[in-house]
Protein chains: 2
Amino acid sequence: MAAPRFRRRKADRPAELTAAAMNEFAENGYDATPVEAVARRAGVSKGLLYLYFKTKEDLFKAVVRSFVMPRVERLVRAIDDTELGVADFLRGPFLEVARELPRSKARHLVRLLIAEGHKHPDLTRWYWENVVSRGLGALRRLIARGVASGELRPSALERYPQLLVSPVMLSVVWMLVMQPHAKLDTDGFIEAHVDLLLSALLAEESP
Amino acid sequence: MAAPRFRRRKADRPAELTAAAMNEFAENGYDATPVEAVARRAGVSKGLLYLYFKTKEDLFKAVVRSFVMPRVERLVRAIDDTELGVADFLRGPFLEVARELPRSKARHLVRLLIAEGHKHPDLTRWYWENVVSRGLGALRRLIARGVASGELRPSALERYPQLLVSPVMLSVVWMLVMQPHAKLDTDGFIEAHVDLLLSALLAEESP
DNA sequence: CCACTTGCTGACCGACCAGTCATCAATTAA
DNA sequence: TTAATTGATGACTGGTCGGTCAGCAAGTGG
């Protein structure tokens with residue numbers, strides 16, 4: 001009967017703690033979140049958290065890694081495995097992901113990286129190597145394929161795949177900062193950007 | 001002779017303090033900067049700072065206002081007073097400002113707004129009304145002029161003047177987060193974006 | 001049922017910091 | 001020269017928080 005005051009669950013704790021931390025950090029930011037709040041949210045004491053993570057910074061890194069990693073995998077694979085032409089892929093699956101990001105909880109991670117990144121160089125380096133670099137690399141391959149097949153004309157897009165991503169970045173920042181005061185239809189905005197880009201870059205419109 | 005231990009300089013203090021705060025906040029962020037560090041940098045005591053600013057947040061707001069206001073004025077006037085056609089303005093003065101921002105100290109203000117904005121709704125509201133809204137408004141007028149004169153064809157750019165700004169946003173964030181690990185030629189990137197946009201939107205290339 | 005291991009707790013410590021205030025000294029007016 | 005004013009100081013307070021650790025109790029093996 002007497003419910004035990006706690007239960008040993010060594011295996012699940014780390015994931016529970018990073019999940020709790022993700023939520024807490026997203027709501028209040030890194031500095032402003034006491035470690036104890038994370039522990040409380042995970043239904044656990046502060047001391048326990050320090051059994052699984054050496055420092056608060058350590059926890060932060062684990063949050064980023066665990067949240068971001070699977071999403072990147074999926075995206076890169078989607079780009080490399082697609083059977084679609086470039087235009088169809090951009091207007092289809094790419095647009096879908098691009099439109100979802102500014103709404104998703106992940107946008108708060110972007111805030112954290114911008115806000116705290118410069119204090120954690122090894123974290124941003126990891127982020128560069130595992131997220132940005134791989135994502136841009138996949139986009140670059142997609143574009144190269146389009147140029148090789150004659151679907152796209154050669155252009156600066158080959159050098160700057162960021163051209164595809166910049167409206168997503170702006171949308172994320174807009175949602176984080178301006179949204180309470182001024183709405184932006186990020187869906188329409190991002191789609192308009194892709195359309196304009198394609199209209200400048202499609203080699204030939206077939207009738 | 002004996003140099004006095006301090007001098008009364010009521011008039012200059014606020015500007016000196018906001019300047020010192022701008023630098024300190026840019027280097028370390030808002031939360032991580034003790035008020036005393038700002039005072040020390042301005043060569044005064046902490047107590048004095050509290051004679052001119054009621055709270056630390058108050059100081060923060062003053063920093064943003066004093067730093068941003070004059071620059072917005074200049075930009076909006078440049079757009080509204082130009083004699084140039086849209087394409088020439090975008091490839092000329094606009095490009096110049098757009099390329100400078102990611103390098104300038106102002107990029108750190110962007111970080112502060114992203115990092116701390118959600119905790120200071122009245123500040124972001126002020127920023128919307130005095131910076132973003134006015135800047136986008138001026139761009140919108142520029143575009144409308146171009147469409148009216150037949151230089152540009154009608155397009156989503158009229159609805160989303162943000163299309164012109166998004167690569168600047170991405171460049172700023174890149175400089176803040178990724179620059180130590182991976183260089184981006186933000187000049188070339190932003191110019192490429194403007195070129196692509198114009199090549200999609202110029203009504204007719206005259207020979 | 002007992003002894004042993006170990007996941008877990010929560011009180012505690014030291015450091016830091018926003019904001020206050022009693023006091024001082026540069027300046028100004030009398 | 002002196003008195004009144006006020007710009008400026010810096011020690012202090014109350015509170016917060018990251019990180020520690022001595023001990024407790026849930027599980028485990030005999």
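In the text below, chain A, chain B and the rest are named by the order of the sequence lines, each starting its count at 1.
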Task: Base versus backbone protein contacts along nucleotides 23-30 of chain D [heavy-atom cut-off under 4.0 Å; B, S, -] - done: --BBS---
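- One atom, CG of B:Asp12, and another, P of C:dA26, lie 19 Å apart when rounded to the nearest Å.
- We find the CG-CG distance between A:Leu90 and A:Asp195 to be 10.5 Å, quoted to the nearest 0.5 Å.
- Spacing between atom CG of A:Asp58 and atom C1' of D:dT20 amounts to 16 Å, rounded to whole angstrom units.
- Contact detail for B:Leu84 and B:Thr82: the closest heavy-atom pair is N-OG1, 3.1 Å.
- If you take CG of B:Asp31 and C1' of D:dC17, they are 13 Å apart, rounded to a whole angstrom.
- Straight-line distance from the CD atom of B:Glu36 to the C1' atom of C:dA15: 14 Å, rounded to whole Å.
- Relative orientation of the B:Tyr30 and B:Phe60 rings is tilted, given thresholds of 30° and 60° on the angle between their planes.
- In this entry the distance linking CG of A:Leu59 with P of D:dC17 reads 16 Å, nearest Å.
- Going from atom NZ of B:Lys56 over to atom OG1 of B:Thr33 covers 6.0 Å, rounded to the nearest 0.5 Å.
- Summarising the geometry, the separation between OH on B:Tyr30 and C1' on C:dC17 is reported as 12 Å, rounded to the nearest angstrom.
- Across the protein-nucleic acid pair, B:Arg9 atom CZ and D:dT9 atom P stand 11 Å apart, rounded to whole Å.
- Contacts between residues 44-53 of chain A and DNA chain C, counted as heavy-atom distances below 4.0 Å, involve A:Val44, A:Ser45, A:Gly47, A:Leu48, A:Leu51, A:Tyr52.
- Each of A:Val86, A:Leu163, A:Leu152 was compared with A:Leu201 under the side chain to side chain contact (heavy atoms under 4.5 Å, CB included) criterion, and only A:Leu152 meets it.
- A straight line from CD of B:Glu16 to C1' of D:dA8 spans 13 Å, rounded to a whole angstrom.
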